[in-house]
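Heavy atoms only: backbone and side chains are in, while hydrogens, waters and symmetry mates are out. By convention in this document, chain letters (A, B, ...) are assigned in the order of the sequence lines, proteins followed by strands, and residues within each chain are numbered from 1.
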Amino acid sequence: MSTEKTSGPNDSLNFLEEIVEDDLRTGRVEHILTRFPPEPNGYLHIGHAKSIVVNFGLAQKYGGKTNLRFDDTNPSTEEQEYVDGILNDIRWLGYNPANVFFASDYFDQIYEWAKHLVGEGKAYVDFSTPEEIAVLKGTPTEPGKDSPYRNTSPEENLDLLERMRTGEFPDGHCVLRAKVDMTSPNMLLRDPIMYRIKHAHHHRTGDKWCIYPMYDWAHGQSDSIEGITHSICTLEFAPHRALYDWFIEQLSIYPSHQYEFSRFNLTYTVMSKRKLLQLVREGHVNGWDDPRMPTLAGMRRRGFLPESLREFATRIGVTKRENLIELSLLEFHIREGLNKIALRRFAVLDPLKVVIENYPEGQMEWLETENNPEDPETGKRALPFTRELFIEQDDFMENPPPKYFRLFPGGMVRLKSAFIIRCDRVEKDADGKPNTVYCSYVPESRSGQDTSGLKVQGVIHWLSAEHAKQAEVRLYDRLFQLENPGVEDDFKKSLNPTSLQVISHAMVEPALMEVTSGEKFQFTRLGYFCVDPDSTPGNPVFNRTVTLKDAWAKAQKK
RNA sequence: UGGCCCAUGGUGUAAUGGUAACACAGCAGUUUUUGGUACUGUUUUUCAGGGUUCGAGUCCUUGUGGGCCAACCA
């Protein structure tokens, strides 16, 4: 048998890594410096997580650094709350920016550069209305026409710009535009706006400015000031690159370069900030950190591990293609991470009482069970076993289908880490729902010292009724029922009505009464759960992060 | 009807002119006191036509299909 098998994605580079290696080899750059440039107008989501992993990951791999730069050029939508949240999310994901900067740190320099361009006749103040500007801009297939203000002298423009800055004009009265090419096939080159007037309070510069630079007139300049070698963004910015380069060339400043990769889409998820904001505002979810949200805050509260997210982001790759990633890939990485570290605990979400009729009343014994079979060093714990127990309703069926190997009348099942029991009879409510199952146990079948010789296929979890404690459990499911809700006219039409199911009286083992917010467990046979911050002493709340894979449930669906 | 970007299994990503592979998903099985985990096997792939070449997923060309661009948003 050959053991030489060394192909796979691990030894191949994505296109950004190829560019970087090339730049390093040819000496275009000595060290790479990337940046992650969020606008502080919302919370980070899983799409940003990929961008963070790409930017920080690339720098880490090649011994470079990454700055965090808040793109705060629009005071009307940006807030300090978001700055704090974003910083927190990035650190949680496992990254530390080399520097934390703000585009607003550079407003003075950017203004000086604007004056320079005006002085050279490469920018002008335009008093046209937004409508007039739009009409003269043309369309993608028709060239635009020059604005009547395009040939104002540099001297007059300099004066006008200064008056814009000092607050002489009201909002929207005029704009500063770059003089590029009104006939360019690239719409962004048709005399793009550099500054607009906004008499608004800025979260950092206060009331110092009433003109604010547009994205194109701030981003590349900020990159250049910081000496960013590789300015990585998503595909929709590709047409901006021509402008990015144009400004840098006109100013003869450090030539940062822009590279674009495709953003990713996730099935059953929307990712646009606008839509996420709508979900929050309209109360379809309980805030930005609702565990159903694809925000980092939501996923953290849901119980996702940052390393799972990093691995997922790496696995989906970096390309320029449209793509729609299956949610099951994310879930795979979540389970993989949690399987190794989550301690196992017993919980019964939908209790059904079991009475072991041949087990003496009042008797109790401690039975040992492992905390995590994947990690023996986590040791064992003891569970109290008594005559009256709880099992899941799901684990009993009066008339089971073929291959059902849990409990049914006349059938036997193993209580995990305890005994084998046989179901003798069942007592039902008036509506026919089983309410108590009477069983007998096999004393010599005790786990670890089973001499019964019996073989049973099913193993189920259980709780001593007398010792079990109540807890709230929140079961989360996908927020949308459609694979690609974002492409519908109304994405909210496919909202999943059962994306949250609250079980206020689940039963759990006593040890789960003393937990801390954020702690993660596997509830044996049910899934991974995480302690919600809503928990109070004695009243824990558990969020279901993700279910376990369930071959039986899958087979039943067919 | 202008410009830019893109096209490899169900999904995503490799293969850098020389045997189309990896992961997830699916299916089948082994192990298992979690119908979990682990392990094994397996179904399924180069958008179409033309060209260059001994040889094309890869290069050229023409189509076709998809995405992006006409905020004083980023």
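Phosphate contact (OP1/OP2 of B:U13, side-chain N/O of A:Arg321, threshold under 4.0 Å): present. Contact annotation: A:Ser328 side-chain N/O to B:A25 OP1/OP2 distance is not under 4.0 Å.
Within a 6.0 Å radius of CZ in A:Arg446, more than 12 heavy atoms belonging to other residues, nucleotides or ligands are found.
A gap of 23 Å separates the C1' atoms of B:A7 and B:U1, to the nearest Å. Distance check on atom P: B:G10 versus B:U34 gives 36 Å, rounded to whole Å. Rounded to whole Å, the separation between the C1' atoms of B:U11 and B:G49 comes to 29 Å. Between the C1' atoms of B:G3 and B:G51, the separation comes to 27 Å (whole Å). One C1' atom belongs to B:A14, the other to B:U19, and the distance between them is 16 Å to the nearest Å. The gap from the C1' atom of B:U13 to that of B:U45 amounts to 13 Å, rounded to the nearest Å. Using atom C1' as the reference point in both B:C39 and B:U53, the two lie 45 Å apart (nearest Å). Atom name C1', nucleotides B:A23 and B:U8: the rounded distance is 15 Å, in whole Å.
The nearest whole Å value for the distance from the CD atom in A:Glu326 to the P atom in B:U13 is 12 Å. If you measure from atom CG of A:Asn371 to atom C1' of B:G36, you get 16 Å, rounded to the nearest angstrom. Distance, A:Arg315 CZ to B:A14 C1': 10 Å, rounded to whole Å. Spacing between atom CG of A:Leu189 and atom P of B:C4 amounts to 13 Å, rounded to whole angstrom units. A:Glu311 has its CD atom 14 Å from the C1' atom of B:C24, to the nearest Å. Atoms CG (A:Leu327) and C1' (B:G10) sit 15 Å apart, rounded to a whole Å. When rounded to the nearest whole Å, the span between CG of A:Asn484 and C1' of B:G66 equals 13 Å. Summarising the geometry, the separation between CG on A:Asn323 and C1' on B:G12 is reported as 7 Å, rounded to the nearest angstrom.
A side-chain donor-acceptor contact under 3.5 Å links A:Lys179 to the backbone of A:Arg150. Formation of a donor-acceptor pair under 3.5 Å by the A:Thr378 side chain with backbone atoms of A:Asp375 is found in this model. Side chain of A:Arg422 to backbone of A:Val442: no donor-acceptor contact under 3.5 angstrom is found. Counting only distance, with no hydrogens or angles, the side chain of A:Asn157 and the backbone of A:Thr152 share a donor-acceptor pair below 3.5 Å.
Within the 4.5 Å cutoff, the side chain of A:Phe385 has heavy atoms near those of the A:Trp462 side chain. By the 4.5 Å heavy-atom criterion applied to side chains, A:Ile460 and A:Glu392 are not counted as neighbours. Side-chain contact between A:Leu44 and A:Ile90 is present, with heavy atoms from C-beta onward closer than 4.5 Å.
A salt bridge links A:Asp223 to A:Arg69: at least one charged side-chain nitrogen sits closer than 4.0 Å to a carboxylate oxygen. Contact check on A:Arg414 versus A:Asp450 returns a salt bridge, with a Lys/Arg side-chain nitrogen under 4.0 Å from an Asp/Glu carboxylate oxygen. Ionic pairing of A:Arg381 and A:Glu509 is present here: one or more N-O contacts between side-chain nitrogen and carboxylate oxygen are shorter than 4.0 angstrom.
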(request) List the protein contact pattern of nucleotides 67-74 of chain B with one symbol per nucleotide (5' to 3'): B for base contact, S for sugar-phosphate-only contact, - for none; contact means a heavy-atom distance under 4.0 Å. (result) SSSB-BSB
(request) Report, as a single string ordered 5' to 3', how protein heavy atoms within less than 4.0 Å touch nucleotides 26-35 of chain B: B base, S sugar-phosphate only, - not at all. (result) SS-----BBB
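Each of A:Phe15 and A:Glu336 lies near RNA chain B, and the nucleotide nearest A:Phe15 is the one positioned closer to the 5' end.
The only member of A:Gln258, A:Arg241, A:His257, A:Arg35 that meets side-chain hydrogen bond (donor to acceptor under 3.5 Å, both in side chains) when paired with A:Ser231 is A:Arg35.
Donor-acceptor pairing under 3.5 Å is recorded for the side chains of A:Thr234 and A:Glu236. Of the N and O atoms on the side chains of A:Asn323 and A:Arg263, not one donor lies less than 3.5 Å from an acceptor on the other residue.
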(request) Would you sort out whether A:Phe304 and A:Phe312 count as a ring pair (Phe, Tyr, Trp, His ring centres under 6.0 Å), showing the intermediate values? (result) CA-CA 11 Å; A:Phe304 289 15; A:Phe312 169 74; 9.4 Å; no
(request) Would you check, one step at a time, whether the test salt bridge (Lys or Arg N to Asp or Glu O under 4.0 Å) holds for A:Glu370 with A:Lys416? (result) CA-CA 10 Å; A:Glu370 62 241 309; A:Lys416 184 167 170 61; 3.3 Å; yes
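Within a heavy-atom distance below 4.0 Å of RNA chain B, no residue of residues 257-269 of chain A is found.
Among residues two or more places apart in sequence or in another chain, the salt bridge (Lys or Arg N to Asp or Glu O under 4.0 Å) test is passed with A:Asp71 by none.
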Under-3.5 Å N/O pairs linking protein and nucleotides 41-48 of chain B:
none

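Its glycosidic angle being within 90° of 0, B:A71 falls on the syn side.
By the 6.0 Å and 45° rule, A:Arg204 stacks over the aromatic ring of A:Phe102.
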(request) Map every base of RNA chain B to its dot-bracket character, where paired means a Watson-Crick or G-U wobble contact with both distances under 3.5 Å and | marks a partner outside the strand. (result) .((((((..((((....[..)))).(((((.......)))))....(((((..]....))))))))))).....
